[in-house]
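These notes concern the structure reproduced below.
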Protein chains: 2
Amino acid sequence: MFKPIKNKKVYEHVIEQIQNMIIDGVLKQGDRLPSERELASQLNVSRTSIREALRSLQIIGLIESRQGEGNFIKENIDETLFEPLSIMFMFNKDKPEDILDLRIAIEVQAAYLAAKRVTEEDKKELENILKKLNKVEKEGNEKIRAKYDKEFHYKIAKITGNYFIINLLNNISSLMESFIIYAREMILKAVDDKSLLIYQHEKIYNAIITNDSEKAASYMREHLELINTHLM
Amino acid sequence: MFKPIKNKKVYEHVIEQIQNMIIDGVLKQGDRLPSERELASQLNVSRTSIREALRSLQIIGLIESRQGEGNFIKENIDETLFEPLSIMFMFNKDKPEDILDLRIAIEVQAAYLAAKRVTEEDKKELENILKKLNKVEKEGNEKIRAKYDKEFHYKIAKITGNYFIINLLNNISSLMESFIIYAREMILKAVDDKSLLIYQHEKIYNAIITNDSEKAASYMREHLELINTHLM
DNA sequence: TTCTTCTATAGGTTATACTAATATAGCATT
DNA sequence: AATGCTATATTAGTATAACCTATAGAAGAA
């Protein structure tokens, strides 16, 4: 008979409004929001509520607060996922290897899609990275080796053009580095037969440039499984 | 050469302390935090700062605020990723199909791992779901069909025991449902040859119960690619 | 016992005052 | 003309106090 009154929290309303303004294109990346006081008066709520909303938007990576300047829609939202993934990792600390399996999921699909979508320009870039990688593979410097290795995998993700894949891979890498320090270097040291790694990279590369998506995926899986077994 | 001076915001300190208490095991899932006023006095900061910290922790899904009761460490953090993924989706609205490729990434790996880790009990459960699915496939009700279809895929993710995979799949499903309403029903309607779907599900099932991870992965990919093409 | 009401305490919201960082403009020195 | 300084306005960051609202549990009434 009697209808219940509204319930939603004020700060939730504020979050919603700002999100909508972004969806509708009123606010774009890099734009500055009205000042907290102005927002408060425009929405007719207290500045505290505005701030709680802004704080939330900041944590999920949507805006950036700069004291003395204002609140801005983030240009680069590549780290959006990092915090939540870290949280999941925290509660999952018994099984850190799970993150490695997630990485395989992403990278295998990345290789598959890359083989389908690779352009001529991509092929050249990928070839360059591979050449550099093979060159330093014979020298001693682990760090440089790790750098190009990372670049190779990252480039493949880039070729897919899939924002989620690029982003997830980035975040997984960050997470791995935070928790398993120097993971990559350790892995590379653990693998005795360096030429095996070179060979695997080349197989992946060849599959991608010949648009053989199935093979690209399975070679990538083979490559990452090898690395995983050495990590355990 | 010159190092920047410290700056950290007060609420960031608060967040850090609470996170550390969780990592160190002082606070466990379901535990109640001290009241806001008590936290404020214990940490010697204002309640405003405490609240901004708590609000942030709430948004990333770490705690839950219940008015009149208190703030609690979340029991079930399955929705942790949803918000950030939505944000990414917002900025990526030109290419909604990217989420489908991410889904393939997750599910292909899920099938691969499931084939390796499946137990006898899992096999029975999966078989039951498959039987129900085949049964309703011939009847008309799309909704029930969609329900069991979803259950089949979810069970495979569950078998992996990988928290990230289960969680990501959940979130991707939510996201798909939010943005592509009734996606699953639409897909099922679009695929003329129902028996093809049955056949694909059975191939995946057989690969998993015979521990053939390679085949499980490739059949799963085939299955999802078919669905994707019908969605575009 | 069962139901209602009261009460203490929790989070939710507002208002106000102050602190700290930043950009800008204007002025002075060189 | 370039640099350095200072005052000022504007912004976010923090603190405090008061009050609103939801909840659980105690107290009381039936």
Side-chain angles (χ1 to χ4, degrees), chain A residues 1-19 21-22 27 29-75 83, chain B residues 2-19 21-22 27-75 83:
Chain A
M1 171 124 53
F2 291 93
K3 299 285 178 185
I5 320 297
K6 48 124 195 211
N7 188 4
K8 242 183 192 169
K9 311 281 184 298
V10 172
Y11 59 79
E12 286 175 340
H13 273 119
V14 178
I15 291 175
E16 204 179 308
Q17 284 214 29
I18 295 176
Q19 281 189 336
M21 285 170 84
I22 294 172
L27 292 174
Q29 300 195 351
D31 281 1
R32 184 175 161 280
L33 294 165
S35 77
E36 295 180 351
R37 286 175 174 83
E38 193 171 337
L39 273 174
S41 96
Q42 276 192 31
L43 302 191
N44 198 30
V45 295
S46 76
R47 202 181 140 212
T48 312
S49 298
I50 297 287
R51 276 186 61 83
E52 287 186 11
L54 294 178
R55 194 63 50 242
S56 304
L57 291 171
Q58 181 191 347
I59 290 295
I60 57 181
L62 193 56
I63 69 166
E64 183 182 5
S65 294
R66 298 207 287 268
Q67 184 170 353
E69 291 187 70
N71 293 290
F72 301 81
I73 311 291
K74 255 205 173 181
E75 295 272 9
E83 272 297 327
Chain B
F2 290 93
K3 299 284 178 186
I5 319 295
K6 48 124 195 210
N7 189 0
K8 248 182 190 170
K9 310 283 185 296
V10 172
Y11 60 81
E12 286 176 338
H13 274 118
V14 178
I15 292 176
E16 204 180 306
Q17 284 214 29
I18 295 177
Q19 279 189 337
M21 285 170 83
I22 293 171
L27 291 173
K28 283 178 304 212
Q29 298 195 353
D31 282 1
R32 184 175 162 279
L33 294 167
S35 77
E36 295 180 351
R37 289 169 176 85
E38 192 172 337
L39 272 175
S41 96
Q42 275 191 33
L43 301 191
N44 198 31
V45 296
S46 76
R47 200 177 147 215
T48 315
S49 299
I50 296 289
R51 276 185 62 82
E52 288 188 9
L54 294 177
R55 194 65 50 246
S56 304
L57 291 171
Q58 182 191 347
I59 292 294
I60 57 180
L62 194 55
I63 70 167
E64 184 181 5
S65 292
R66 298 207 288 269
Q67 185 170 351
E69 291 187 70
N71 294 291
F72 301 82
I73 311 291
K74 255 206 172 179
E75 295 272 9
E83 272 298 328

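Throughout, a chain's letter reflects where its sequence line sits, starting with A, and its residues are numbered from 1. Fair warning: this is a prediction, and the values are worked out from it, not measured in the lab. Atoms considered below: every heavy atom in the structure, side chains included; atoms not considered: hydrogens, waters and symmetry mates.
Judged as a side-chain hydrogen bond (donor to acceptor under 3.5 Å, both in side chains), and not counting sequence neighbours, A:Glu64 has no contacts. Evaluation of the side-chain contact (heavy atoms from CB on, under 4.5 Å) rule for A:Leu33 yields A:Ile18, A:Leu27, A:Leu54, A:Ile63, A:Asn71, A:Ile73 as partners, not counting sequence neighbours. Every residue meeting the side-chain contact (heavy atoms from CB on, under 4.5 Å) condition with A:Gln42, not counting sequence neighbours, appears here in chain and number order: A:Glu38. Scored by the side-chain hydrogen bond (donor to acceptor under 3.5 Å, both in side chains) test, B:Glu36 finds B:Arg47, B:Arg51 as partners (sequence neighbours excluded).
D:dG13 atom P lies 9 Å from atom CD of B:Glu12, rounded to whole Å. One atom, CG of B:Leu33, and another, C1' of C:dT9, lie 16 Å apart when rounded to the nearest Å. Computed from coordinates, the B:Glu36 CD to D:dA15 P distance equals 15 Å when rounded to whole Å. The CD atom of B:Glu64 sits 11 Å away from the P atom of C:dG12 (whole-angstrom rounding). In this structure, A:Glu38 places its CD atom 18 Å from P of D:dA9, rounding to the nearest Å. Straight-line distance from the CZ atom of B:Phe72 to the C1' atom of C:dT9: 12 Å, rounded to whole Å. Whole-Å rounding puts the B:Ile63 CD1 to C:dG12 C1' distance at 14 Å. Counting to the nearest Å, the P atom of C:dG11 and the CZ atom of B:Arg66 are 11 Å from each other.
Nearest-nucleotide mapping onto DNA chain C: of B:Gly70 and A:Val45, the residue sitting toward the 5' end is B:Gly70.
With A:Val10 as the fixed residue, the side-chain contact (heavy atoms from CB on, under 4.5 Å) test singles out one of A:Thr48, A:Val45, A:Ile50: A:Val45.
Residues B:Ala53 and B:Tyr11 share a closest heavy-atom pair of CB-O, 3.7 Å. Residues B:Ser46 and B:Ala40 share a closest heavy-atom pair of C-CB, 4.0 Å.
In this structure, A:Ser56 and A:Glu12 have side chains that are not in contact, with every pair of non-hydrogen atoms separated by 4.5 Å or more.
Considering only side-chain N and O atoms, B:Asn71 lies under 4.0 angstrom from the phosphate OP1 or OP2 of C:dG11.
Near DNA chain C, meaning a heavy atom under 4.0 Å from it, residues 47-58 of chain B has B:Arg47, B:Arg51, B:Arg55 in order of number.
We find that B:Glu52 and B:Lys9 are not joined by a salt bridge, their nearest charged nitrogen and carboxylate oxygen being 4.0 Å or further apart.
If you check C:dT13, C:dA10, D:dT14 against the side chain of B:Ser46, the one that comes closest is D:dT14. Closest contact between the side chain of A:Glu69 and the listed nucleotides C:dT22, D:dT14, D:dA24 involves C:dT22. Comparing D:dA15, D:dT11, C:dG11 against the side chain of B:Arg37 picks out C:dG11 as the nearest.
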Return the polar atom pairs (N/O with N/O) between nucleotides 3-8 of chain C and the protein under 3.5 Å, or none.
none

